[in-house]
Enquirer: 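I am attaching a structure below and will ask some questions about it afterwards.
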Amino acid sequence: MLQQTTVAAVKPYFLHFLDRWPSVEQLADADPQEVMAAWAGLGYYARARNMLACARTVAAQHQGRFPEGVKALRCLPGIGEYTSAAIAAIAFDEPVAVVDGNVERVVSRLYAIETPLPAAKPRIRDLVQEMTPSERPGDFAQAMMDLGATICTPKRPACAICPLSAPCLARAEGRQEFFPVKAPKRAKPQRRGAAFVAMRQGDGAIWLRRRPESGMLGGMVEPPTTAWSVKADGAIGAESAPFAAGWELAGTASHGFTHFDLTLDVWRAVAPADPQSDGWWATPERLDEEGLPTVMKKVVAVALPGIIFRRRPGRAAP
DNA sequence: TACGCGTGGAT
DNA sequence: TATCCAAGCGT
């Protein structure tokens, strides 16, 4: 959960998952759709699929206990170089280099590394491996990460109280804010599409479907949307709807993803009882449990201004 | 190696 | 408002 995600965002999800699936075996036996719904709002949904696959592997092939050693850990789904090293060092006392974004920043300043990231990663990993003590390597790893998170921060690092200020080469030159050097990132393209929110007469249930397992929002629930194409001028027409109905334009929903910005035209209609399309009806009370990703909650909110999503772990309803 | 992959808080 | 960035991974 903590991969590329802050502790504050993760905490309520983590507590809920531990409560709902307290052991590796229980998670391994979980309903995948329920796991995806429980992850909704946390982002990077491949992590949820990987975590479930990881639990199944640990349960089936390792008697429900995580294997010791970075190499065995590294073979598990969703556990890469950082996570395998963190588990090995913190849980199994293995003196391996644990390098996350915080440590990259600390070390790049400590040695004033001019090579841009991510090209500098191998060099940083070697330096951290040299620094890692054989005694309490897990505490060392967490101390380095916490140093980066609380003192050696991206903006305005607190060098005055930093235990590494004396040997820090960047600090000596007064250039700490210029590290780490990063490769330039490309501009975010704009994309456009349409979403179709169909309501059933009577109970106001909404027509939903599940997205393909791979790709954007893989395995997540949505009101039907078109493909998201390179931005064109003007609204996308109701002829793109998954079924015929009295579609009317309700507005637009915008959402920024990591690598593009999306604008969706939101169409609304009272639909036939049987749309003759892949999907299912979800009543307003059930919408929370369906676990819509954030962009889809925005879509529904545009179509139905009265709707309120409650179960966003740890956050007030919008 | 470079890119695809979410979301929300801080500045 | 715009930008950055967070306990990265898989392909």
Side-chain angles (χ1 to χ4, degrees), chain A residues 1-14 36 39-54 73-91 96-106 108 115-122 124-125 128 138-150 152-157 177 180 182-191 211-220 222 228 254-262 291-298 309 312-316 318:
Chain A
M1 285 180 175
L2 286 165
Q3 290 164 359
Q4 292 286 282
T5 306
T6 58
V7 170
V10 161
K11 186 176 178 183
Y13 286 86
F14 177 73
M36 297 310 291
W39 198 280
L42 199 50
Y44 283 148
Y45 298 100
R47 294 181 300 174
R49 298 193 296 274
N50 289 335
M51 189 176 72
L52 183 53
C54 181
L73 289 163
R74 181 69 180 75
C75 295
L76 295 168
I79 297 189
E81 181 164 358
Y82 160 75
T83 307
S84 59
I87 295 172
I90 296 169
V96 289
V98 179
V99 183
D100 73 336
N102 291 302
V103 177
E104 285 176 357
R105 184 171 55 255
V106 170
S108 69
T115 306
L117 285 172
K121 282 189 173 191
I124 291 173
R125 193 194 62 77
V128 173
D139 287 346
F140 174 77
Q142 295 188 73
M144 288 289 281
M145 292 190 282
D146 284 343
L147 180 67
T150 62
C152 194
T153 51
K155 310 284 184 187
R156 299 181 47 176
E177 295 238 32
K182 296 200 168 183
K185 49 191 68 172
R186 298 178 321 186
K188 268 192 193 179
Q190 304 288 320
R191 292 195 193 183
R211 295 176 60 83
E213 287 299 311
S214 61
M216 278 296 295
L217 307 178
M220 300 303 289
E222 67 170 8
W228 307 339
S254 295
H255 189 73
F257 291 104
T258 308
H259 51 297
F260 64 90
D261 291 321
L262 177 67
L292 272 60
T294 299
V295 61
M296 298 307 167
K297 289 182 179 176
K298 290 182 181 178
F309 291 100
R312 294 173 71 182
R315 245 166 252 108

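These numbers come from a predicted model, not from an experiment. Quick note on labels: first sequence line is chain A, next is B, and so on, each numbered from 1.
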Enquirer: Would you mind classifying the nucleic acid contact of A/M1 as base, sugar-phosphate or nothing, using non-hydrogen atoms under 4.0 angstrom?
Expert: nothing
Enquirer: Of the candidate nucleotides C/dG8, B/dG6, C/dC9, which contains the atom at the shortest distance from the side chain of A/E81?
Expert: C/dC9
Enquirer: Starting at CG of A/L42 and ending at P of B/dC5, how long is that distance when rounded to a whole Å?
Expert: 18 Å
Enquirer: At under 4.0 Å, does any side-chain N or O of A/R49 touch on OP1 or OP2 of C/dC9?
Expert: no
Enquirer: Does A/F257 have any ring-ring contact (aromatic ring centres under 6.0 Å, His included) partners at least two apart in sequence or in another chain, and if so, which?
Expert: A/W228, A/H255, A/F260
Enquirer: From B/dT7, C/dG10, B/dC5, pick the nucleotide closest to the side chain of A/H255?
Expert: B/dT7
Enquirer: Would you classify A/R186 as touching base, sugar-phosphate or nothing, given that sugar-phosphate means primed atoms plus P, OP1 and OP2, and contacts are heavy atoms under 4.0 Å?
Expert: sugar-phosphate
Enquirer: Is any side-chain N or O of A/Q4 closer than 4.0 Å to OP1 or OP2 of C/dA6?
Expert: no
Enquirer: Of all the choices, C/dG8, C/dC5, B/dT7, which nucleotide is nearest to the side chain of A/K185 once you look at every atom?
Expert: C/dC5
Enquirer: Can you check the A/R74 CZ to C/dG8 P distance for me, whole Å?
Expert: 15 Å
Enquirer: Which heavy atom of A/R47 sits nearest to which heavy atom of A/T5, and what is that distance?
Expert: NH1-OG1, 2.9 Å
Enquirer: Can you name the residues that form a side chain to side chain contact (heavy atoms under 4.5 Å, CB included) with A/M51, not counting sequence neighbours?
Expert: A/F17, A/L27, A/W39
Enquirer: Can a side chain N or O of A/H259 be found less than 4.0 Å away from OP1 or OP2 on B/dG4?
Expert: no
Enquirer: Round to a whole Å and report the spacing from CG of A/L262 to C1' of B/dG4.
Expert: 15 Å
Enquirer: Taking the side chain of A/T5 as heavy atoms from C-beta outward, which of B/dG6, B/dT7, C/dA7 is closest to it?
Expert: B/dG6
Enquirer: Do side-chain atoms of A/R49 reach the backbone of A/E213 as a donor and acceptor pair under 3.5 angstrom?
Expert: yes
Enquirer: Given C/dA7, is OP1 or OP2 found less than 4.0 Å from the side-chain N or O atoms of A/N102?
Expert: yes
Enquirer: Spell out, as yes or no, whether a donor-acceptor pair under 3.5 Å connects the side chain of A/R105 to the backbone of A/G148.
Expert: yes
Enquirer: I want to confirm an ordering. Mapping A/G78 and A/M145 to their closest nucleotides on DNA chain C, which one lands closer to the 5' end?
Expert: A/M145
Enquirer: Given the rule in the side-chain contact (heavy atoms from CB on, under 4.5 Å) test, do A/V103 and A/M145 qualify, once you have shown the distances and angles that lead to the verdict?
Expert: CA-CA 6 Å; A/V103 177; A/M145 292 190 282; 3.8 Å; yes
Enquirer: Counting any heavy atom closer than 4.0 Å, what does A/P293 reach on the DNA or RNA strands: base, sugar-phosphate only, or nothing?
Expert: sugar-phosphate
Enquirer: Can you tell me if A/Y45 touches the phosphate of B/dT7, counting only side-chain N or O atoms and a distance under 4.0 Å to OP1 or OP2?
Expert: yes
Enquirer: With respect to the side chain of A/Q3, which nucleotide from C/dA6, B/dC5, C/dC9 is positioned closest?
Expert: C/dC9
Enquirer: Rounded to whole angstrom, note down the P distance from C/dC9 over to B/dG8.
Expert: 22 Å
Enquirer: For a quick test of reading the model: is some side-chain N or O of A/T294 closer than 4.0 Å to OP1 or OP2 of B/dT7?
Expert: yes
Enquirer: Quote, to the nearest angstrom, the P distance that separates C/dA7 from B/dA2.
Expert: 24 Å
Enquirer: Pick the nucleotide of DNA chain C nearest each of A/I79 and A/L2; which residue has the one closer to the 5' end?
Expert: A/L2
Enquirer: Which sits closer to the 5' end of DNA chain B, A/R156 or A/P122, going by the nucleotide each is nearest to?
Expert: A/P122
Enquirer: Expressed in angstrom and rounded to an integer, what is the separation of A/L117 atom CG from B/dA2 atom P?
Expert: 12 Å
Enquirer: Contact class for A/G256 (heavy atom, under 4.0 Å): base, sugar-phosphate, or nothing?
Expert: base
Enquirer: Can you tell me if A/Q3 uses its side chain to pair, donor with acceptor, with the backbone of A/Y82 under 3.5 Å?
Expert: no
Enquirer: Roughly how many Å is it from CD in A/E213 to P in B/dC5, rounded to a whole number?
Expert: 15 Å
Enquirer: Over how many whole Å does the gap from A/K121 atom NZ to B/dC3 atom C1' extend?
Expert: 13 Å
Enquirer: Within the pair A/T6 and B/dG8, is there a side-chain N or O less than 4.0 Å away from OP1 or OP2?
Expert: no
